[in-house]
Amino acid sequence: MSTVLMNGEFIPREEAKVDIEDRGYQFGDGIYEVIRVYNGKMFTGNEHLERLQASSGKINIQISYTVHELLVLLEELIRRNNIHNGIVYMQFTRGTCPRNHAYPTSEVPPMFIAYTKPLERPKENLANGVSAITVEDIRWSRCDIKSLNLLGNVMAKQKAAEANCYESIQYRDLTVTEGSSSNIWIIKDQTIRTHEANQYILNGITRQKIVEICQRQGLEVKEEAFSIEDLIDADEVFLSSTTSEVTPIVSVNNVPVASGEVGETTKTLQDYFKKEIIACCGEIE
Ligand code: DCS
């Protein structure tokens with residue numbers, strides 16, 4: 001039986017219940033994070049929890065825990081559930097009160113839950129790459145908030161699933177923004193590019209790590225939007241996320257990216273990224 005964290009208490013999964021007037025349930029009024037666990041240790045936990053705090057600040061949800069307090073609670077949750085490789089998911093909603101669109105005026109405590117899930121590294125996708133399709137980005141213009149409102153993302157991912165693809169690459173006015181649950185990158189003539197961190201994308205923690213790696217290793221990286229045409233014309237394409245790390249994209253809309261093989265620069269970035277994980281969490285396969 002697994003344990004979940006609910007408002008600071010460890011309780012059995014079966015006992016965790018949400019009220020029908022919880023604002024997360026009714027409005028998607030809340031925020032979330034997903035942190036990777038390798039060898040029982042969280043990878044970039046601080047960065048994720050700082051982004052959680054930032055998201056909460058943007059929509060005025062008061063989180064009564066510090067980053068350190070959250071880290072301690074999540075470590076204990078991982079320990080209790082004996083997670084070796086996996087994820088920890090957490091969300092804060094604005095809490096439970098009579099249904100009304102506007103924020104409650106009286107003190108309503110946010111609802112906090114966290115749980116774990118075992119998950120191995122996606123080794124086959126990392127080695128062979130995945131397919132993607134392009135879809136119009138129909139989401140709102142505050143994609144920088146890691147909000148529970150994921151309907152646009154869910155609809156985009158469903159289109160990918162129906163096309164037997166792993167991811168949907170979203171575009172706004174012919175500019176590529178991001179994947180349905182990942183950031184999108186292209187490489188052309190050795191230059192690595194991804195959309196700038198503004199309100200049209202989520203500034204991925206994996207994305208930030210990759211930018212840092214590129215700068216440290218002297219690889220040319222530009223945080224600058226690119227077009228669908230640039231995407232089609234790229235030498236290499238890849239996606240990044242907490243669960244997918246650096247996953248090559250070898251076909252877009254059923255057309256191979258360049259030769260259709262996993263690119264050399266992508267492989268180099270995968271190696272550097274793996275080294276980061278090992279430095280933090282110990283040896284991984
Ligand atoms: N963009 C979107 C829309 C995402 O949902 C995610 C991650 C990313 C980018 C990449 O961000 P990270 O590098 O910080 O993971 N989505 C999480 C999710 O919903 N499941 O796993 C990761």
Side-chain angles (χ1 to χ4, degrees), residues 24 28 30-38 42-55 58 67 74 83 85-92 113-122 125-126 130 132 134-161 166-172 175-185 194-214 223 225 237-247 249 269-270 272-274 276-277 280:
I31 45 157
Y32 76 106
E33 278 295 330
V34 181
I35 303 179
R36 241 312 182 177
V37 177
Y38 300 104
M42 278 181 275
F43 178 63
T44 56
N46 261 300
E47 289 88 335
H48 280 278
L49 294 175
E50 275 159 16
R51 185 173 64 186
L52 182 77
Q53 302 274 19
S55 291
K58 289 171 183 178
V67 164
L74 298 175
I83 298 296
N85 294 326
I87 57 140
V88 49
Y89 174 91
M90 76 218 68
Q91 66 172 47
F92 281 82
I113 62 105
Y115 64 86
T116 58
K117 199 175 85 175
L119 184 72
E120 292 305 317
R121 296 182 72 222
N125 288 348
L126 292 172
V130 297
T134 53
V135 304
E136 193 185 345
D137 194 337
I138 60 164
R139 300 172 305 158
W140 67 335
S141 47
R142 287 309 304 275
C143 300
D144 55 308
I145 303 170
K146 200 159 170 66
S147 140
L148 295 178
N149 260 293
L150 288 174
L151 199 48
N153 307 63
V154 164
M155 288 168 74
K157 188 70 100 186
Q158 179 58 20
K159 283 192 180 156
Y166 183 78
E167 183 59 301
S168 277
I169 301 174
Q170 303 175 98
Y171 58 87
R172 252 182 226 270
T175 291
V176 172
T177 52
E178 62 178 342
S180 71
S181 61
S182 63
N183 292 113
I184 301 293
W185 304 70
T194 195
H195 197 287
E196 63 267 29
N198 62 12
Q199 73 271 32
Y200 295 114
I201 68 154
L202 180 76
N203 188 2
I205 303 300
T206 319
R207 174 191 179 284
Q208 294 172 50
K209 258 286 167 250
I210 295 166
V211 169
E212 203 182 293
I213 288 169
C214 290
E223 295 177 76
V237 180
F238 68 92
L239 62 84
S240 68
S241 82
T242 294
T243 46
S244 302
E245 300 177 15
V246 175
T247 293
I249 294 177
L269 287 173
Q270 287 182 324
Y272 283 131
F273 194 77
K274 190 172 173 186
E276 292 281 327
I277 299 169
C280 164

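Along the sequence shown, residues are numbered consecutively beginning with 1. Below, all heavy atoms of this structure are taken into account, side chains as well, without hydrogens, waters or symmetry copies. Read the numbers this way: they start at 1 and go in the same order the structure lists the ligands and their atoms.
Residue contacts with ligand 1, taken as heavy atom pairs separated by less than 4.0 Å, involve Val34 solely via side-chain atoms from C-beta onward. Contacts of Ile201 with ligand 1, taken as heavy-atom pairs under 4.0 Å, are absent altogether.
Contact between Ser180 and ligand 1 is present, with at least one heavy atom of the residue lying under 4.0 Å from the ligand. By the 4.0 Å heavy-atom criterion, His48 is counted among the residues contacting ligand 1. In this structure, Tyr89 does not count as a contact residue of ligand 1, since none of its heavy atoms falls inside 4.0 Å of the ligand.
Where the criterion is an N or O separation shorter than 3.5 Å, residue side chain and backbone included, Arg139 fails it with respect to ligand 1. For Lys146, a nitrogen or oxygen atom sits less than 3.5 Å from a nitrogen or oxygen atom of ligand 1, counting backbone and side chain alike. Some N or O of Thr242 is nearer than 3.5 Å to an N or O of ligand 1, by distance alone. Polar contact with ligand 1: absent for Leu202 (N/O pair, distance under 3.5 Å). The distance criterion of under 3.5 Å between nitrogen or oxygen atoms is not met by Arg207 with respect to ligand 1.
When hydrogens are left out, the protein atom nearest atom 5 (O) of ligand 1 is Ser181 CA, 3.4 Å; that is the closest non-hydrogen contact.
Side-chain contact of Asp137 with Thr177: a donor-acceptor pair under 3.5 Å is present, judged by distance alone. In the model, Lys157 has a side-chain atom that pairs as donor or acceptor with a side-chain atom of Ser181 under 3.5 Å. Residues Thr247 and Tyr166 have side chains that never bring a donor and an acceptor to within less than 3.5 angstrom of each other. Counting only N and O atoms by type, the side chains of Gln170 and Ser180 include no donor and acceptor under 3.5 Å apart.
Distances from atom 10 (C) of ligand 1 to the heavy atoms of Leu150, Ile87, Asn153, Asn183 show the closest one on Asn183.
Phe238 and Trp185 have parallel rings, their planes meeting at less than 30° on a 0 to 90° scale where 60° marks the start of perpendicular.
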